[in-house]
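Report on the structure given below.
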There are 2 protein chains.
Amino acid sequence: MPTSAETEQAAAVEHADLVDVIVQTSFATMAVLNRVAAEHDLSLTQLRVLAILRDRRLRMTELARYLGLDKSTMTGLVDRAEKRGLLRRARDPADGRAVDVFLSADGARAAERGHEQIARLLAPMTGTLSRADQHRVQILLAAMLSGRPG
Amino acid sequence: MPTSAETEQAAAVEHADLVDVIVQTSFATMAVLNRVAAEHDLSLTQLRVLAILRDRRLRMTELARYLGLDKSTMTGLVDRAEKRGLLRRARDPADGRAVDVFLSADGARAAERGHEQIARLLAPMTGTLSRADQHRVQILLAAMLSGRPG
DNA sequence: TATTGTTATACTCTATAACTATA
DNA sequence: TATAGTTATAGAGTATAACAATA
């Protein structure tokens, strides 16, 4: 019969295997996202901004918080996207310091197309699972997300 | 009874939900990896290089292929890591053009510590699942990975 | 005084093109 | 000629510190 220490050791090894597969899946997913972004001539962060603003209008600071970036980083990011006509700034009339950022019509179209492309490019991965297993993994990942840090 | 078109539409919606949860999980995982990298004063790419070289010795070009980067990008990346004593270069005696890259003792230690930290920081996510569910998600993700593009 | 956003600065990451050395 | 790697260059992403405008 295994000791308690042996059981814990076995659990740690199993957990390491799970971590490895999560990390590998994440890199594979990021490779797809980078590819989609590159096809739109965007960086991954820019694509992410479009995705975040798909159903929201946010201040610079809020956007920075969503992305986990410093607010000073947002200025250049938004500058470049605005110059390309993908999003726009507007001063908040209620607070003269704040600036709202939101998608232009072009930006909204790019966001939609990007979303579709991502689904299409991930299909080879998700398609290895049966419909029932796809549903299972969705439930399990959603549960994991509820415990995410940050 | 739903038409075939209706069934396909429903399947597309379900697939979009699955894609969203995969993407969100990937961003949460990447946030953890970035945090671990930052604690070691490394970029995500540098941490990834250490992880790749944990059990391998690779040429510059092979390393570039693993990372999906241009070989010219590797020069600076390896330069900086070598300067910090984390990895080393050695000419391949069999081919005077090739350069092998491998971890130093310090680099190997950093790679181990990083690996442990990642497991620890992901534990709040993985820990939301029972041991049995952890095993299930591992199996399902591994199956998905077998269909990854690239 | 505190908050919002921008600017100035510096460093890293990244790709393209041109180059050197070797095969 | 083709391949392995580096260098030169340029643009984007990022953070820190200092700043202006507003609250």
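Heavy atoms only: backbone and side chains are in, while hydrogens, waters and symmetry mates are out.
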Just the rounded figure in Å: distance from [atom2] of [N] to [atom1] of [X].
{"X": "R91(A)", "N": "dT4(C)", "atom1": "CZ", "atom2": "P", "value": "13 Å"}
{"X": "D70(B)", "N": "dA15(C)", "atom1": "CG", "atom2": "C1'", "value": "6 Å"}
{"X": "R48(B)", "N": "dC13(C)", "atom1": "CZ", "atom2": "P", "value": "13 Å"}
{"X": "L69(A)", "N": "dA15(D)", "atom1": "CG", "atom2": "C1'", "value": "10 Å"}
{"X": "N34(B)", "N": "dC13(C)", "atom1": "CG", "atom2": "P", "value": "12 Å"}
{"X": "D79(B)", "N": "dT7(D)", "atom1": "CG", "atom2": "P", "value": "7 Å"}
{"X": "R65(A)", "N": "dG5(C)", "atom1": "CZ", "atom2": "C1'", "value": "16 Å"}
{"X": "L42(A)", "N": "dG11(D)", "atom1": "CG", "atom2": "P", "value": "18 Å"}

Which donor-acceptor pairs under 3.5 Å do the side chains of residues 20-32 of chain B make with protein atoms, sequence neighbours left out?
from	atom 1	to	atom 2	distance (Å)
D20(B)	OD1	H115(A)	NE2	3.1
T25(B)	OG1	V21(B)	O	2.7
S26(B)	OG	T29(A)	OG1	3.4
S26(B)	OG	I22(B)	O	2.9
T29(B)	OG1	S26(A)	OG	3.4
T29(B)	OG1	T25(B)	O	2.8

Exercise. Do other residues, nucleotides or ligands put more than 12 heavy atoms under 6.0 Å from R84(B) CZ?
Worked result: yes
Exercise. Among dG13(D), dT14(C), dG5(C), which is the nearest nucleotide to the side chain of T45(B)?
Worked result: dT14(C)
Exercise. The side chain of R97(A) lies closest to which of these nucleotides: dT3(C), dG5(C), dC13(C)?
Worked result: dT3(C)
May I ask you to say what [X] touches in the nucleic acid, namely base, sugar-phosphate or nothing, with a heavy-atom cut-off under 4.0 Å?
{"X": "T73(A)", "result": "base"}
{"X": "D95(B)", "result": "sugar-phosphate"}
{"X": "T75(B)", "result": "base"}

For a quick test of reading the model: is some side-chain N or O of [X] closer than 4.0 Å to OP1 or OP2 of [N]?
{"X": "R89(B)", "N": "dT6(D)", "answer": "yes"}
{"X": "R59(B)", "N": "dG5(D)", "answer": "no"}
{"X": "R80(A)", "N": "dG13(D)", "answer": "yes"}
{"X": "S43(B)", "N": "dT12(C)", "answer": "no"}

Exercise. Atom CE of M74(B) and atom OG1 of T61(B): how far apart are they, to the nearest 0.5 Å?
Worked result: 9.5 Å
Seminar exercise, completed: Closest non-hydrogen atoms of S104(B) and G85(B), given as atom of the first, atom of the second and distance, are OG-O, 2.5 Å
Exercise. How far apart are the C-alpha atoms of D70(B) and R65(B), what are their side-chain angles, what is the distance that settles it, and do they pass the salt bridge (Lys or Arg N to Asp or Glu O under 4.0 Å) test?
Worked result: CA-CA 8 Å; D70(B) 192 88; R65(B) 191 168 43 73; over 6 Å; no
Exercise. Could one point to a donor on the side chain of S72(A) or the base of dT16(D) with an acceptor on the other under 3.5 Å away?
Worked result: yes
